[in-house]
A.B. asks: 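Quick one: the structure is below, and I'll ask about it shortly.
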Amino acid sequence: MKDVHLSRKLELEGAQRMSDGAGGFEETWITLGTLWADMRARTGRTRDGGELSLSSTGYRVIVRAAPVGAPSRPVAGMRFREGHRAFVINAVSDRDPKGRYLTCFATEEVVQ
């Protein structure tokens with residue numbers, strides 16, 4: 001296993017549904033905590049949507065583990081934020097047998 005260098009400060013965000021007053025809801029993101037991470041870009045692609053293109057890049061994000069059920073433990077559907085950039089978490093797995101680190105597979109999408 002390669003060494004882990006937790007050198008990027010990320011905010012962990014979770015989706016929260018708020019009533020819109022008309023029987024529906026709005027989805028807002030709330031910050032659950034700050035995590036230090038080791039981020040590595042994986043693969044990327046661009047999809048042409050006519051006037052706009054969507055660029056999508058996958059990332060492998062390694063963070064310290066938190067107990068199962070803790071709000072500071074990333075799960076699929078949450079996202080990491082770094083400034084104006086958002087990385088949607090697609091999957092999470094243990095990185096090592098002792099459970100010290102988690103590997104999160106995330107995607108960043110940018111409209112061009």
Side-chain angles (χ1 to χ4, degrees):
M1 252 188 261
K2 294 182 181 178
D3 290 337
V4 177
H5 300 286
L6 305 178
S7 59
R8 299 206 31 197
K9 188 177 180 179
L10 305 176
E11 292 181 3
L12 179 64
E13 297 182 332
Q16 183 176 28
R17 291 184 176 188
M18 306 280 290
S19 172
D20 66 2
F25 65 90
E26 293 179 17
E27 188 174 79
T28 60
W29 292 91
I30 57 168
T31 301
L32 302 173
T34 302
L35 302 173
W36 286 92
D38 182 343
M39 282 185 78
R40 309 279 171 138
R42 296 174 63 214
T43 59
R45 67 180 178 154
T46 301
R47 291 183 295 193
D48 186 20
E51 293 181 22
L52 298 174
S53 293
L54 181 66
S55 175
S56 175
T57 305
Y59 286 87
R60 182 178 307 130
V61 182
I62 299 171
V63 297
R64 281 195 177 88
V68 175
S72 60
R73 184 182 175 99
V75 296
M78 291 180 172
R79 71 182 185 186
F80 294 115
R81 178 164 295 280
E82 183 179 44
H84 295 293
R85 299 172 71 185
F87 306 88
V88 177
I89 301 170
N90 303 312
V92 179
S93 66
D94 288 326
R95 175 169 162 73
D96 59 288
K98 294 183 180 180
R100 294 176 295 176
Y101 296 99
L102 298 173
T103 300
C104 304
F105 299 93
T107 305
E108 177 185 33
E109 294 183 340
V110 178
V111 176
Q112 299 178 336

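Remember, predicted model here, so these are calculated numbers, not experimental data. We're numbering straight along the sequence, starting at 1.
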A.B. asks: Mind checking salt bridge (charged side-chain N to carboxylate O under 4.0 Å, His left out) for Arg81 and listing every partner two or more places apart, or none if nothing turns up?
C.D. replies: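 With sequence neighbours excluded, Arg81 shows a salt bridge (charged side-chain N to carboxylate O under 4.0 Å, His left out) to Glu13, given in chain and number order.
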A.B. asks: Give a yes or no on whether the backbone of Tyr101 and the side-chain of Asp96 come within a donor-acceptor separation of less than 3.5 Å.
C.D. replies: yes
A.B. asks: Indicate the atoms forming the closest heavy-atom contact of Arg73 with Pro67, along with that distance.
C.D. replies: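 Reported closest heavy-atom pair: CD-O, 3.5 Å.
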A.B. asks: When you look at Thr57 and Arg42, which way does the side-chain contact (heavy atoms from CB on, under 4.5 Å) test go after all the steps?
C.D. replies: CA-CA 7 Å; Thr57 305; Arg42 296 174 63 214; over 6 Å; no
A.B. asks: I need the full list of ring-ring contact (aromatic ring centres under 6.0 Å, His included) pairs touching residues 2-25, with sequence neighbours left out, sorted by first then second residue.
C.D. replies: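 Sorted result for residues 2-25: empty, none.
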A.B. asks: Any side-chain heavy-atom pair from Leu102 and Asp94 closer than 4.5 angstrom?
C.D. replies: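 Counting from C-beta outward, Leu102 and Asp94 do come under 4.5 Å.
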A.B. asks: Compare all side-chain heavy atoms of Lys9 with those of Glu82 and state whether any distance is below 4.5 angstrom.
C.D. replies: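 SC-SC contact between Lys9 and Glu82 ruled out.
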A.B. asks: Just do the side-chain contact (heavy atoms from CB on, under 4.5 Å) check on Arg85 and Glu108 with the steps written out, would you?
C.D. replies: CA-CA 8 Å; Arg85 299 172 71 185; Glu108 177 185 33; 2.8 Å; yes
A.B. asks: Sub-3.5 Å donor-acceptor pair from the side chain of Thr31 to the main-chain atoms of Gly33, do we have one?
C.D. replies: no
A.B. asks: How about Asp38 and Ser7: do any of their side-chain heavy atoms sit closer than 4.5 Å?
C.D. replies: no
A.B. asks: Can you name the residues that form a ring-ring contact (aromatic ring centres under 6.0 Å, His included) with Phe87, not counting sequence neighbours?
C.D. replies: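 Phe87 satisfies ring-ring contact (aromatic ring centres under 6.0 Å, His included) with Tyr59 only.
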A.B. asks: I'd like to know whether Val4 forms a side-chain contact (heavy atoms from CB on, under 4.5 Å) with Arg95, so could you lay out the CA-CA distance, the side-chain angles of the two residues, the decisive distance to 0.1 Å, and finally the verdict.
C.D. replies: CA-CA 10 Å; Val4 177; Arg95 175 169 162 73; 3.4 Å; yes
A.B. asks: Please examine the side chains of Leu12 and Ile89, heavy atoms only from C-beta on, and report whether any two atoms are closer than 4.5 Å.
C.D. replies: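 Side chain of Ile89 against side chain of Leu12, heavy atoms only: contact under 4.5 Å found.
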A.B. asks: Heavy atoms only: give me the nearest Ser72-Ala66 pair and the separation to one decimal.
C.D. replies: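 Nearest pair, atom of Ser72 first, then Ala66: OG-CB, 3.5 Å.
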A.B. asks: Could you check if a side-chain atom of Trp36 sits within less than 4.5 angstrom of a side-chain atom of Leu10, using non-hydrogen atoms only?
C.D. replies: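 Sidechains of Leu10 and Trp36: no contact.
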